[in-house]
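Report on one structure; see the data block that follows.
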Amino acid sequence: MAEWTLSGALNQALRDALTEDPRLLVYGEDVGRMGGVFRVTDELQKEFGSQRVFDTPISEAGIVGTAVGLAFAGWRSVVEMQFDAFSYPSLEQVIDHVAKMRERTRGRVEMPVTIRIPSFGGIRGKEHHGESPETYYVHTAGLKVVVPSTPLDGYRLLRQSIADPDPVIFLEPKARYWSKEEGELDADGPGIGEGRILREGEACTLIAYGTMVARCLEAADVLASEGTDARVVDLRSLSPLDEDLLTRCARETGRIVVVHEAPRTLGMGAEVAARLMDLAFDFLEAPVVRVTGWDVPYPPASLEQHYLPSVERIAEAARKVAGY
Amino acid sequence: MAEWTLSGALNQALRDALTEDPRLLVYGEDVGRMGGVFRVTDELQKEFGSQRVFDTPISEAGIVGTAVGLAFAGWRSVVEMQFDAFSYPSLEQVIDHVAKMRERTRGRVEMPVTIRIPSFGGIRGKEHHGESPETYYVHTAGLKVVVPSTPLDGYRLLRQSIADPDPVIFLEPKARYWSKEEGELDADGPGIGEGRILREGEACTLIAYGTMVARCLEAADVLASEGTDARVVDLRSLSPLDEDLLTRCARETGRIVVVHEAPRTLGMGAEVAARLMDLAFDFLEAPVVRVTGWDVPYPPASLEQHYLPSVERIAEAARKVAGY
Amino acid sequence: MLSAGRKEEVSVSETKMVQLVAPDGTAVGDTDVGLSPEALRDLLRRMIVSRRLDRECIALQRQGELTVYPGFEGQEAAQIGSATALGPDDFVFPTFRELAAAMVRGVDAVQYLWYHRGTWHGGPYDPRATRFGPICIPIATQIVHAVGHALGQKLDGLQACTLAYFGDGSTSEGDFHEAANLAGVFNVPAVLFCQNNGWAISVPTESQTAGEIFRRAEGYGFPGIRVDGNDVLAVYRVTKDAVERAHRGEGPTLIEAMTYRMGAHSTADDAGRYRDEAEVERARVADPISRYRIWLAAQGLIDGAFLSACEEEAESFALQVRQGVVETEAPPVEWMFDWVYAAPTEAFARQRREALGG
Amino acid sequence: MLSAGRKEEVSVSETKMVQLVAPDGTAVGDTDVGLSPEALRDLLRRMIVSRRLDRECIALQRQGELTVYPGFEGQEAAQIGSATALGPDDFVFPTFRELAAAMVRGVDAVQYLWYHRGTWHGGPYDPRATRFGPICIPIATQIVHAVGHALGQKLDGLQACTLAYFGDGSTSEGDFHEAANLAGVFNVPAVLFCQNNGWAISVPTESQTAGEIFRRAEGYGFPGIRVDGNDVLAVYRVTKDAVERAHRGEGPTLIEAMTYRMGAHSTADDAGRYRDEAEVERARVADPISRYRIWLAAQGLIDGAFLSACEEEAESFALQVRQGVVETEAPPVEWMFDWVYAAPTEAFARQRREALGG
Ligand SMILES: Cc1ncc(C[n+]2csc(CCOP(=O)(O)OP(=O)(O)O)c2C)c(N)n1
Ligand SMILES: Cc1ncc(C[n+]2csc(CCOP(=O)(O)OP(=O)(O)O)c2C)c(N)n1
Ligand SMILES: [Mg+2]
Ligand SMILES: [Mg+2]
């Protein structure tokens with residue numbers, strides 16, 4: 001069986017999608033000749049030519065806005081924002097047009113645009129290279145937002161995102177680019193809108209996405225060694241949320257910990273907590289606890305491990321809810 | 001006693017602030033000669049001259065970015081984004097610089113910048129003229145976010161925002177610009193970070209801000225007529241949140257309804273619900289219910305009243321939690 | 001005080017503006033723009049009809065039948081001259097002030113006005129069928145769409161181009177710049193058509209930029225040209241050249257059409273707060289309709305009967321549109337939900353049911 | 001394929017570049033730029049010292065003492081020539097590649113490198129004391145800050161200006177445009193200084209824009225000038241002129257300094273993936289240090305002893321900075337919280353306590 005890194009699996013997803021759909025374009029800053037800062041578009045320009053895979057000037061609003069125009073002309077695009085914070089210049093185009101064009105035109109003009117954004121921290125990056133931009137997108141109606149946590153699921157989610165007639169914000173956990181997984185690449189399996197249980201458990205559920213999934217699995221190991229069997233859920237799809245799975249976890253474990261890197265206030269944890277109140281209040285035996293980044297700007301490399309939820313912080317929260 | 005509209009009270013707040021602080025500037029699109037689309041800067045250019053109150057080109061990122069530079073030069077600014085959605089082009093400057101400069105420079109360079117944004121719907125406006133942008137700002141650490149619901153409080157909050165050494169996003173409920181209130185303008189009183197109880201009640205608490213406060217008061221009337229005494233809280237400050245008040249309401253009424261125009265997912269209601277879980281889970285006798293805009297783009301004028309939380313929807317939610 | 005206007009310091013070549021027919025109706029350039037007599041007459045007819053409709057729309061707004069309406073009086077030549085120069089495969093991305101251009105492209109005026117009635121958003125008509133994009137409010141964002149669309153046309157190897165309309169004020173936005181630079185570097189078949197109507201709400205063009213808009217093109221590596229935007233023949237000619245250039249694969253052109261916004265920014269605006277009525281009176285001299293009528297008459301191409309027919313058509317068309325507008329009902333509530341996502345989730349469907357009171 | 005480069009179609013005047021000393025060290029213009037012999041020598045000394053430091057930083061990164069480091073080799077003249085032209089009241093907003101300029105302004109190199117060590121963000125030194133703004137990562141955003149700062153200087157009636165550094169790639173961002181247009185229309189004392197080093201990571205300048213960067217200025221209504229960025233005297237002269245112009249209240253200037261990024265984009269980058277080594281070798285001929293050394297020697301202004309002293313200083317300075325860097329410890333955890341808000345709330349303080357494990 002082949003072994004894949006996340007970067008390699010995403011690269012293969014783009015390759016397979018480019019092969020299957022001759023009207024698919026891949027472009028952005030440094031994605032062509034260089035193959036992307038994280039090698040996700042490596043070799044694609046050579047294979048598919050500089051008409052289909054190309055570099056752009058440093059113009060994030062321009063990159064996203066041209067994808068909107070290309071969609072009018074019947075082209076599908078995968079565009080890259082080089083790093084999380086560098087997607088902010090394109091927010092106006094995303095919120096005003098990418099998210100709304102289908103509705104505005106009453107379904108006549110779809111926006112099959114995938115916006116890939118290397119996201120989150122943990123790589124000792126510089127300022128603006130470690131942010132968690134998901135809230136800005138998840139709150140914006142008309143978008144879908146997904147985050148893979150493993151190579152094989154990265155392949156699957158990226159293929160699904162590209163195939164989706166709706167725009168998808170595809171957040172790639174930078175810290176996991178070189179993580180490895182064995183198996184066959186397959187676009188089928190859980191779809192956008194579905195989470196997955198990565199570890200069964202009854203005492204509580206640890207809900208996370210991206211890089212924090214691995215930390216939750218580690219925390220579950222720690223907890224297991226203490227006799228607490230924590231379930232671990234990889235959310236995968238932040239918008240739409242897998243309400244069925246959330247409800248099931250609340251019913252079956254009654255105790256929920258949500259983990260993310262983004263600052264706590266109006267991070268995904270808030271929505272998970274509120275949604276669980278909507279759906280399963282009577283099953284909650286403890287408050288939904290949020291283990292998150294602090295409400296501060298993402299810190300410099302020297303402090304990032306004090307910002308990111310640690311295995312110990314996650315385990316501690318689980319102990320707290322389990323003993324509530 | 002004088003009677004004030006919200007627009008007039010905000011205008012007076014700017015006038016008084018400009019008078020007191022010679023290093024205060026007021027600028028933006030159409031704020032000078034014309035006095036602003038909603039007349040909030042009416043006559044100020046005449047009174048303070050075009051060096052202190054001036055029009056800019058249509059450059060929202062430029063407007064906010066120059067305020068950052070002006071702060072380096074020791075100038076305080078109140079800038080206007082003409083309408084909610086037109087603040088999006090400035091999000092990069094806001095998130096990357098306005099919110100982070102104080103931290104980045106270890107307190108050496110403060111950002112006394114107030115960004116005024118006529119916000120929210122209900123005025124039969126065109127597309128992009130009725131949005132609720134608060135989530136984008138509240139999630140961004142380093143910013144404060146406030147929303148007045150009445151003329152006198154508008155005056156107070158705007159004076160406080162301008163005086164604040166930290167950047168404040170000042171969201172003005174368009175639909176309330178011409179609402180009236182009698183009384184003396186006073187900058188003192190509840191500060192940023194403090195909510196207020198506008199109506200006492202024990203059966204449940206309706207929490208809102210901006211335009212929705214008046215609707216909650218109306219709903220409370222309806223509920224009172226049915227024998228349910230609902231408390232009404234004007235949040236005023238979305239960031240920071242008044243945790244003490246939230247906790248108190250949970251303790252005292254046990255039942256909470258949060259109302260806002262923004263789409264539900266990751267709207268303020270999510271944070272209020274999650275925060276109440278953190279702070280007062282054991283006092284919650286019912287799930288925190290969110291009465292909000294739907295998870296759709298803000299609709300055209302002909303449908304906006306089907307989007308905005310109605311008095312009836314609010315009352316119905318209150319009945320639901322009260323009878324939980 | 002902050003405005004500059006120190007143009008003497010800038011070493012630019014003399015400002016030239018293409019003009020074929022002077023404000024008094026006399027020819028000052030080569031007026032043979034390659035249009036048949038019918039087509040020449042049609043330009044006038046369209047200008048008369050659209051001006052009448054524009055005024056009707058303002059009346060409709062005053063009567064509460066439209067929410068807000070941004071008039072285009074004074075800009076008929078800029079819009080109709082340019083839109084007429086486009087071929088059937090070309091595509092337009094407009095702002096919110098191009099009803100006259102929309103009609104040239106075959107957009108149904110009543111459907112267009114759904115937007116200003118608050119019935120639906122910027123895309124009530126079918127943008128693909130009319131090849132006229134949705135009405136676009138966020139300033140300058142549509143210019144980027146146009147460049148993307150033109151890139152698509154280029155990749156498809158089509159002999160077609162995309163035209164973006166935008167105002168003088170729009171050129172101050174970052175999106176204008178990114179679009180123009182991308183158009184240049186990708187060498188796409190795009191026409192960037194600026195209607196410089198002197199004002200952006202209350203801000204006159206000289207407070208918008210210290211430069212001249214058409215000169216921006218040089219910095220992007222493609223031609224920029226200034227044209228008398230009230231001279232319909234000149235606008236047609238210049239746009240036609242740019243369109244043909246684009247069709248030949250020679251890349252983008254920036255056109256700055258000098259015109260004037262005779263009315264307020266929109267019905268919600270009171271121009272008296274910031275603009276001298278005398279300026280408007282001075283601008284009236286350059287009116288696009290009267291000069292062209294004089295020129296056409298001098299060519300013997302029109303007579304009184306033609307003009308009467310135009311007026312009659314304008315009148316009946318305006319009334320027909322009025323009727324269509326007032327009869328337009330609010331859409332059903334479910335429209336809020338029906339096109340947000342291609343395949344909505346159960347949670348979304350629940351909200352929809354709730355909104356429908358179910 | 002998408003890049004254009006069809007410059008023949010564009011009717012621009014001939015490209016001129018200010019150059020005073022040719023790559024071979026011979027004078028080709030008026031080299032009397034008004035600097036004393038000491039000051040002239042100092043330019044060389046600074047270039048030698050900063051190049052040595054730059055190389056030390058790359059070594060420090062390889063050894064794990066810095067996280068990532070963006071070298072400036074080849075750009076010494078552009079940075080030192082321009083920064084030297086500033087007066088004490090002038091202010092600089094840099095990108096992330098201006099360590100050489102920072103040192104001219106008196107920024108402590110070790111404190112500057114806190115940034116690249118991951119110790120703290122872009123403002124470890126005191127930007128107000130050094131009159132050198134925080135290191136800025138989001139491309140082109142700092143140009144807007146510079147224009148705002150210059151507006152503040154103008155409102156204060158100061159005889160001072162603000163200089164923004166940015167790269168060729170940065171000119172594609174909307175923020176560049178908004179900044180430049182605002183600078184023009186407000187007529188502020190700003191110097192927009194572009195270091196065109198030929199590359200933006202892997203993208204060469206001809207794929208960044210089909211135009212020429214200095215020509216953009218015309219569209220904004222102020223002068224643009226291209227200078228040989230590897231000719232320290234020319235850079236000094238051109239910047240000095242722009243600074244004086246600004247001080248006289250005559251407004252902004254755009255300077256495009258043609259230089260070359262000899263190294264990779266940063267230590268995280270492998271330029272071999274996209275750039276021909278032969279191009280780098282060709283660029284080496286135009287090295288800023290060697291040509292200036294030859295010129296100075298020909299003027300009899302330096303001798304071998306001076307050069308040895310420079311080398312020695314460079315060596316000991318690099319080692320001194322190294323020591324400072326390796327001795328820099330991670331800051332305390334509370335720094336994450338201490339300056340986010342002027343007056344934190346109890347909820348914020350609770351998070352701080354939690355982070356500190358309390
Ligand atoms: C991003 C953005 N900012 C502000 C506005 C508000 N606004 C609407 S029209 C307008 C003026 C536009 O001027 P111009 O581009 O000259 O077009 P004109 O109205 O003259 O046709 C402004 C500022 C907007 N629609 N979008
Ligand atoms: C808004 C934004 N987009 C993308 C990046 C990633 N990035 C960092 S440096 C760089 C290239 C900059 O090129 P240039 O302006 O020529 O400066 P140089 O690196 O050559 O000094 C890019 C794309 C960024 N920092 N900010
Ligand atoms: Mg205009
Ligand atoms: Mg460069």
Side-chain angles (χ1 to χ4, degrees), chain A residues 23 25 27 51-52 54-75 77 89-90 92-93 95-97 99-112 141-144 164-167 191-193 237 239-244 275 278-279, chain C residues 91 93 120-129 133-138 140-156 158 160 162 164 173-175 177-186 188 190 331 335-348 350:
Chain A
R23 293 191 73 77
L25 305 175
Y27 64 99
Q51 300 231 359
R52 308 236 354 247
F54 54 89
D55 289 322
T56 65
I58 311 179
S59 308
E60 290 80 9
I63 291 167
V64 172
T66 49
V68 172
L70 281 160
F72 271 85
W75 290 88
S77 305
S90 69
E92 181 190 29
Q93 286 284 354
I95 300 171
D96 288 352
H97 295 302
K100 297 188 173 67
M101 197 60 83
R102 185 175 203 285
E103 196 240 2
R104 180 181 296 143
T105 62
R106 294 193 284 150
R108 281 159 173 154
V109 183
E110 302 202 310
M111 286 288 125
L143 302 176
K144 296 181 175 182
D164 204 290
D166 289 324
I192 294 176
S237 174
S239 177
L241 270 175
D242 188 342
E243 289 199 340
D244 289 344
R275 201 71 72 95
D278 293 349
L279 299 167
Chain C
F91 202 102
F93 283 88
W120 196 246
H121 296 307
Y125 43 90
D126 184 339
R128 281 224 175 79
I135 291 170
C136 184
I137 296 292
T141 54
Q142 80 285 1
I143 317 176
V144 197
H145 306 164
V147 171
H149 190 270
L151 176 57
Q153 293 173 315
K154 175 176 171 164
L155 292 171
D156 274 321
L158 300 176
T162 308
E173 288 280 13
D175 274 18
H177 169 72
E178 298 196 11
N181 186 53
L182 286 163
V185 82
F186 291 157
V188 298
W335 279 30
M336 247 190 319
F337 295 87
D338 281 353
W339 301 287
V340 179
Y341 292 103
T345 58
E346 169 51 28
F348 190 84
R350 210 167 54 232

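Below, read A as the first sequence line, B as the second, and so on, with proteins coming before strands; counting in each chain starts at 1.
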- request: Check for a donor-acceptor pair, side chain of Y341(C) on one end and backbone N or O of A141(A) on the other, with a separation under 3.5 Å.
  value: no
query: Counting heavy-atom pairs under 4.5 Å to chain C, which of L143(A), I63(A), D96(A), L241(A) comes out on top?
result: L143(A)
task: Output yes when a side-chain donor or acceptor of D166(A) lies under 3.5 Å from a complementary backbone atom of A342(C), and no otherwise.
output: yes
statement: In short, G62(A) meets L182(C) closest at the heavy-atom pair CA-CD1, 3.6 Å
- request: Would you indicate whether the side-chain heavy atoms of V340(C) and R102(A) approach each other to under 4.5 Å?
  value: no
- line: Of the listed R275(A), K100(A), E92(A), the one with the largest count of heavy-atom pairs under 4.5 Å with chain C is E92(A)
message: Test of understanding: with salt bridge (Lys or Arg N to Asp or Glu O under 4.0 Å), list the residues that count as partners of R128(C), not counting sequence neighbours.
response: none
message: Does any backbone or side-chain atom of A129(C) lie under 4.5 Å from a heavy atom of chain A? Answer side chain, backbone, both or neither.
response: neither
query: By a 4.5 Å heavy-atom criterion (distance strictly below it), what part of R52(A) contacts chain C: side chain, backbone, both, or neither?
result: neither
message: I want to check something: taking the side chain as every heavy atom from C-beta on, are L151(C) and W75(A) in contact at a cut-off of under 4.5 Å?
response: no
- prompt: So which heavy atom on D156(C) is nearest to which on A73(A), and how close?
  reply: OD2-O, 4.1 Å
task: Answer yes or no: is there an ion pair linking D278(A) with R350(C), defined by an N-O contact shorter than 4.0 Å?
output: no
message: Quick check on S239(A) against chain C: is it the side chain, the backbone, both or neither that has a heavy atom closer than 4.5 Å?
response: side chain
- line: In short, T105(A) meets P127(C) closest at the heavy-atom pair CG2-CG, 3.9 Å
query: Any side-chain heavy-atom pair from V64(A) and E178(C) closer than 4.5 angstrom?
result: no
Note, E346(C) side chain near E243(A) side chain (heavy atom, < 4.5 Å): no
- request: For residues L155(C) and L25(A), determine if any side-chain heavy atom of one lies less than 4.5 Å from a side-chain heavy atom of the other.
  value: yes
task: Among G174(C), P344(C), A146(C), A347(C), single out the residue with the greatest number of heavy-atom pairs under 4.5 Å to chain A.
output: A347(C)
- prompt: Any side-chain heavy atom of P124(C) within less than 4.5 Å of one from R104(A)?
  reply: no
message: In the structure I gave you, are the side-chain heavy atoms of F186(C) and T66(A) within less than 4.5 Å of one another anywhere?
response: no
task: Side chain from CB out, backbone as N, CA, C, O: work out which of these in F337(C) comes under 4.5 Å of a heavy atom of chain A, or both, or neither.
output: neither
- prompt: Any idea which heavy atoms bring A61(A) and V144(C) closest together, and the distance?
  reply: O-CG1, 4.0 Å
field: Segment of T56(A) engaging chain C (4.5 angstrom heavy-atom cut-off)
entry: both
- request: Grab the two heavy atoms, one from T141(C) and one from H97(A), that are nearest each other, plus how far apart they are.
  value: OG1-NE2, 2.8 Å
- request: Go through the atoms of M101(A) and report whether side chain, backbone, both or neither lie under 4.5 Å from a heavy atom of chain C.
  value: side chain
R106(A) side chain reached by W335(C) side chain, heavy atoms, under 4.5 Å: yes
task: For P112(A), check side chain to side chain contact (heavy atoms under 4.5 Å, CB included) against everything at least two apart and list the hits.
output: A71(A), R76(A), E110(A)
- request: Heavy atoms only, distances under 4.5 angstrom: which of D175(C), T345(C), N181(C) has the most pairs with chain A? Name it, please.
  value: D175(C)
- request: May I ask you to decide if the ring planes of F72(A) and H145(C) are parallel, tilted or perpendicular, using 30° and 60° as cut-offs?
  value: parallel
query: Checking heavy atoms, do the side chain of F91(C), its backbone, both or neither come under 4.5 Å from chain A?
result: side chain
